[in-house]
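Shown next, in structure tokens, is the structure this report addresses.
Counting convention: from 1, in listed order, for ligands and their atoms alike.
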Amino acid sequence: MLIFKETADLKHFINSQPSPIGFIPTMGALHQGHLSLIQKASQECKITVCSIFVNPTQFNDPSDFEKYPVTLDQDILLLNQVRTDVLFLPSVKEMYPDGLGKLTQYDIGYLDTILDGKFRPGHFNGVCNIVETLLRAVDPDKLYMGEKDFQQCLVVKRLIELMKCDIELITCPTRRENNGLAMSSRNERLSKAAREKASAIYYCLHSIKEDMKKRSFDELRTHYTNYLQTNGFETEYLLLADANNLHMLEDFDVARKMVILIATKLEGVRLIDNLRIN
Ligand code: AMP
């Protein structure tokens, strides 16, 4: 695996490579969820590029940024195991030469007013800034992202439209621990007991899906929000939406593709997950 730290060197290398180029942007502390994206890209592309960059501008909570796990040596080992061709490892200066104060403002519209857009002000604008910079550096044909970050996938789809570029966004299923907990770098910050307890998130999503024919979404939401609270979770949202556009739904509508989305905190660690219905 080649490692580049500077955009110019990366571009120079990519220019001489055959297409399609597949790209997987990450913030490191890699797990099987990340690796599944890389494996899919390797199957479909001639060259697979992964980036690791903990993007400061997408953290609305400074302590979340400071505590974000960094496991670079282990990440490099894992990337070599799945035969990644290129790792792009830029510095903050390389990604934000004009400083962190000078961000591009993106018109993400409705998507920025709901769910993580609402609870993490500025988060998606930070995501768009770094994803555009990375896409311009790598210039991939295919971009691989995880459905675990469901709203982020729609935001990046919008970004690609705004950029008017020809990049195919491929969304990949969420990888889970054996107990159902969605794999996440932030899981590293949970105690062993909390990591077990956090399986309650998937249990709730799954139970809501199972019970959708028997009870209204509102009843189920109240029930499972209380269940989570009793178990030490602090839930920001538990909502039902149209999976195509994230328009909120009051109740189940079997004529639509739906998704249940949750953000909840355990031991101060913010965890998100979602489950599609239909
Ligand atoms: P992150 O390092 O958290 O920014 O994630 C990098 C990419 O990996 C994003 O596209 C995520 O959606 C994806 N990803 C994170 N966790 C998972 C998971 N459990 N399963 C599949 N993809 C994931």
Side-chain angles (χ1 to χ4, degrees), residues 22-44 48-61 64-65 67-72 74-76 78-79 82 84 87-90 95 111 115-116 120 123-135 138 140 142-160 167-190 195 198-199 201-202 205-206 243 246 259 261-263 269-276:
F23 178 44
I24 305 95
T26 82
M27 297 208 294
L30 301 181
H31 50 66
Q32 287 302 323
H34 296 115
L35 301 186
S36 70
L37 306 188
I38 293 168
Q39 280 160 330
K40 185 152 172 63
S42 313
Q43 285 161 9
E44 298 179 353
T48 302
V49 182
C50 173
S51 65
I52 296 181
F53 179 69
V54 185
N55 176 33
T57 67
Q58 71 186 67
F59 287 84
N60 54 314
D61 172 359
D64 188 26
F65 176 59
K67 290 182 190 156
Y68 202 84
V70 177
T71 58
L72 186 57
Q74 168 75 2
D75 291 351
I76 291 175
L78 290 171
L79 289 173
V82 293
T84 313
L87 169 61
F88 185 40
L89 202 56
M95 291 293 93
L111 285 173
L115 306 167
D116 281 11
R120 302 184 68 188
H123 167 66
F124 285 126
N125 201 59
V127 168
C128 287
N129 270 270
I130 192 60
V131 174
E132 170 158 16
T133 304
L134 288 169
L135 290 178
V138 179
K142 295 171 187 257
L143 170 65
Y144 294 82
M145 303 196 91
E147 258 200 11
K148 188 200 149 239
D149 298 280
F150 198 95
Q151 187 175 11
Q152 175 171 269
C153 290
L154 291 189
V155 167
V156 170
K157 193 167 157 233
R158 168 97 184 116
L159 171 70
I160 292 171
I167 297 172
E168 185 186 355
L169 174 64
I170 294 155
T171 56
C172 306
T174 302
R175 287 296 181 100
R176 300 181 178 280
E177 310 276 358
N178 288 335
N179 66 7
L181 173 64
M183 288 179 179
S184 164
S185 307
R186 285 192 175 84
N187 295 351
E188 300 294 321
R189 288 176 46 205
L190 295 171
R195 206 158 162 156
S199 63
I201 299 170
Y202 183 64
L205 293 175
H206 195 71
L246 285 182
V259 58
L261 305 114
I262 185 167
V269 181
R270 189 177 188 274
L271 302 166
I272 58 168
D273 200 352
N274 64 80
L275 189 66
R276 277 172 174 276

Check: A182 main-chain N/O paired with T174 side-chain donor or acceptor under 3.5 Å:
no
Using a plain distance cutoff, I'd like to know if D149 has any nitrogen or oxygen under 3.5 Å from a nitrogen or oxygen of ligand 1.
yes
Any idea which protein heavy atom is nearest atom 1 (P) of ligand 1, and the distance to it?
H34 NE2, 3.6 Å
shortest atom 7 (C) of ligand 1-to-protein heavy-atom contact is with P25 O, 3.7 Å
Can you list the ligand 1 atoms lying under 4.0 Å from a non-hydrogen atom of M145?
10 (O)
Looking only at non-hydrogen atoms, which of R175, H31, Q32 approaches atom 17 (C) of ligand 1 most closely?
H31
Side chain, backbone, both or neither: which applies to L37 and ligand 1 if a contact is any heavy-atom pair less than 4.0 Å apart?
side chain
Within-cut-off N or O pair, M27 and ligand 1, under 3.5 Å
yes
Assess C153 for proximity to ligand 1: is some non-hydrogen atom of it under 4.0 Å away?
no
Look only at the side chain of D75 and the backbone of L30, and say whether a donor-acceptor pair between them is shorter than 3.5 Å.
yes
Shortest non-hydrogen contact between R120 and N60, atoms and distance:
NE-OD1, 3.1 Å
Which atoms of ligand 1 have any heavy atom of M183 under 4.0 Å away?
16 (N), 17 (C), 18 (C), 19 (N)
4.0 Å heavy-atom contact, R186 with ligand 1:
no
Using atom types as modelled and distance alone, determine if a side-chain donor or acceptor of Q39 lies under 3.5 Å from a backbone N or O of V82.
no
If we only consider heavy atoms of P173, is any one of them less than 4.0 Å away from an atom in ligand 1?
yes
Closest to atom 22 (N) of ligand 1 by heavy-atom distance, out of C172, A182, G146, is G146
Taking 4.0 angstrom as the limit, do R270 and D116 come out as a salt bridge?
yes
What closest approach, in Å, do V127 and N55 show between heavy atoms, and which atom pair accounts for it?
N-ND2, 4.2 Å
With T171 as partner, the option from K148, K157, E147 fulfilling side chain to side chain contact (heavy atoms under 4.5 Å, CB included) is E147
Report the nearest protein non-hydrogen atom to atom 3 (O) of ligand 1: residue, atom name, distance rounded to 0.1 Å.
Y68 OH, 3.8 Å
I52 and its side chain to side chain contact (heavy atoms under 4.5 Å, CB included) partner, picked from T71, V70, T26, I76:
T26
With sequence neighbours left out, the residues meeting ring-ring contact (aromatic ring centres under 6.0 Å, His included) with F59 are F65, Y68
